[in-house]
Enquirer: 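So that we are looking at the same thing, I have put the structure below in structure tokens.
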Amino acid sequence: MAEYSLAHIGINAANEDEARKAADMFCTLFGFPVKVGNSSIFAGGVVEVMKEPYLGRNGHIAIGTPDVAAAKAELEARGFTFREDSAKFKADGKLNAIYLTDEIGGFAIHLVGKA
């Protein structure tokens, strides 16, 4: 059986200014460091605020697993489906991230490689 853990929560913001305000609020509340990226702003390692809406009505939940391909196969065997167009690969060709087809509570769910 695959191993799973919460990697981070992604929150959809309307634009970069809104994303920055939300990330700054997490910093103010909890002392999380802010790290600005190309498409999002992280508050610590657990909250990612998207600079524009992405998958999921409200955002996404990233579930970490050491072997994304094995976890995907296990979940497919249990009847779950994935958005193949969302697959991201490492330089060596190994699957590193992929979204499930369905949302849970308005959040897209994706598997992400975690050591």
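What you see below is based on every heavy atom in this structure, not just the backbone, and it leaves out hydrogens, waters and symmetry mates.
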Enquirer: Evaluate the criterion salt bridge (Lys or Arg N to Asp or Glu O under 4.0 Å) for residue pair R83 and D85; output intermediate values, then yes/no.
Expert: CA-CA 5 Å; R83 292 185 52 155; D85 64 329; 3.0 Å; yes
Enquirer: By salt bridge (charged side-chain N to carboxylate O under 4.0 Å, His left out), which residues pair with R57, not counting sequence neighbours?
Expert: none
Enquirer: Which residues pass the side chain to side chain donor-acceptor pair (under 3.5 Å) test with T81, not counting sequence neighbours?
Expert: T101
Enquirer: Not counting sequence neighbours, which residues clear side chain to side chain contact (heavy atoms under 4.5 Å, CB included) with I61? List them please.
Expert: L6, I9, I63, F107, I109
Enquirer: What distance do H60 atom NE2 and L100 atom CG have between them, rounded to the nearest 0.5 Å?
Expert: 13.0 Å
Enquirer: Can you list everything that forms a side chain to side chain donor-acceptor pair (under 3.5 Å) with N38? Sequence neighbours excluded, please.
Expert: none
Enquirer: Below 4.5 Å, heavy atoms only, C-beta onward: do E18 and K51 meet side chain to side chain?
Expert: no
Enquirer: Would you say V112 and I104 are hydrophobically clustered, going by side-chain heavy atoms of ILVMFWY under 4.5 Å?
Expert: no
Enquirer: Which residues pass the side chain to side chain donor-acceptor pair (under 3.5 Å) test with D24, not counting sequence neighbours?
Expert: R20
Enquirer: Among residues at least two apart in sequence or on other chains, which ones pass ring pair (Phe, Tyr, Trp, His ring centres under 6.0 Å) with F42?
Expert: H8
Enquirer: Same cluster or not: F89 versus F82, using hydrophobic residues (I, L, V, M, F, W, Y) connected whenever any side-chain heavy atoms lie under 4.5 Å apart?
Expert: yes
Enquirer: Considering only distance and modelled atom types, tabulate donor-acceptor pairs under 3.5 Å from the side chains of residues 66-76, sequence neighbours left out.
Expert:
{"unit_1": "D67", "atom_1": "OD1", "unit_2": "A69", "atom_2": "N", "d": "3.3"}
{"unit_1": "D67", "atom_1": "OD1", "unit_2": "A70", "atom_2": "N", "d": "3.1"}
{"unit_1": "K72", "atom_1": "NZ", "unit_2": "E76", "atom_2": "OE2", "d": "2.8"}
{"unit_1": "K72", "atom_1": "NZ", "unit_2": "E84", "atom_2": "OE2", "d": "3.0"}
{"unit_1": "E74", "atom_1": "OE1", "unit_2": "A2", "atom_2": "N", "d": "2.6"}
{"unit_1": "E74", "atom_1": "OE2", "unit_2": "Y4", "atom_2": "OH", "d": "3.2"}

Enquirer: So does G37 get a backbone contact from the side chain of S40, meaning a donor-acceptor N/O pair under 3.5 Å?
Expert: no
Enquirer: Which residue pairs pass the ring-ring contact (aromatic ring centres under 6.0 Å, His included) test when at least one of the two sits in residues 18-40, sequence neighbours left out?
Expert: F30-F32
Enquirer: To the nearest 0.5 Å, what is the distance between CE (M50) and CG (N15)?
Expert: 13.0 Å
Enquirer: Any side-chain heavy-atom pair from L111 and Y99 closer than 4.5 angstrom?
Expert: no
Enquirer: To check you understand the geometry: which heavy-atom pair defines the closest contact between K114 and G64, and what is its length?
Expert: CG-CA, 3.5 Å
Enquirer: Can you check whether N12's main-chain N or O pairs, donor with acceptor, with N58's side chain at less than 3.5 Å?
Expert: no
Enquirer: Excluding sequence neighbours, so at least two apart, what forms salt bridge (charged side-chain N to carboxylate O under 4.0 Å, His left out) with E52?
Expert: none
Enquirer: D17: what forms a salt bridge (charged side-chain N to carboxylate O under 4.0 Å, His left out) with it, not counting sequence neighbours?
Expert: none
Enquirer: Which pairs, with at least one residue in residues 30-45 and sequence neighbours excluded, count as a salt bridge (charged side-chain N to carboxylate O under 4.0 Å, His left out)?
Expert: none
Enquirer: According to a hydrophobic-cluster definition based on side-chain heavy atoms being under 4.5 Å apart (Ile, Leu, Val, Met, Phe, Trp, Tyr only), do V46 and L29 belong together?
Expert: yes
Enquirer: Run through the side-chain heavy atoms of Ile, Leu, Val, Met, Phe, Trp and Tyr, join any pair under 4.5 Å, and report what else lands in I41's cluster.
Expert: V34, V36
Enquirer: Where do V49 and A19 come nearest, in terms of heavy atoms and distance?
Expert: CG1-CA, 3.4 Å
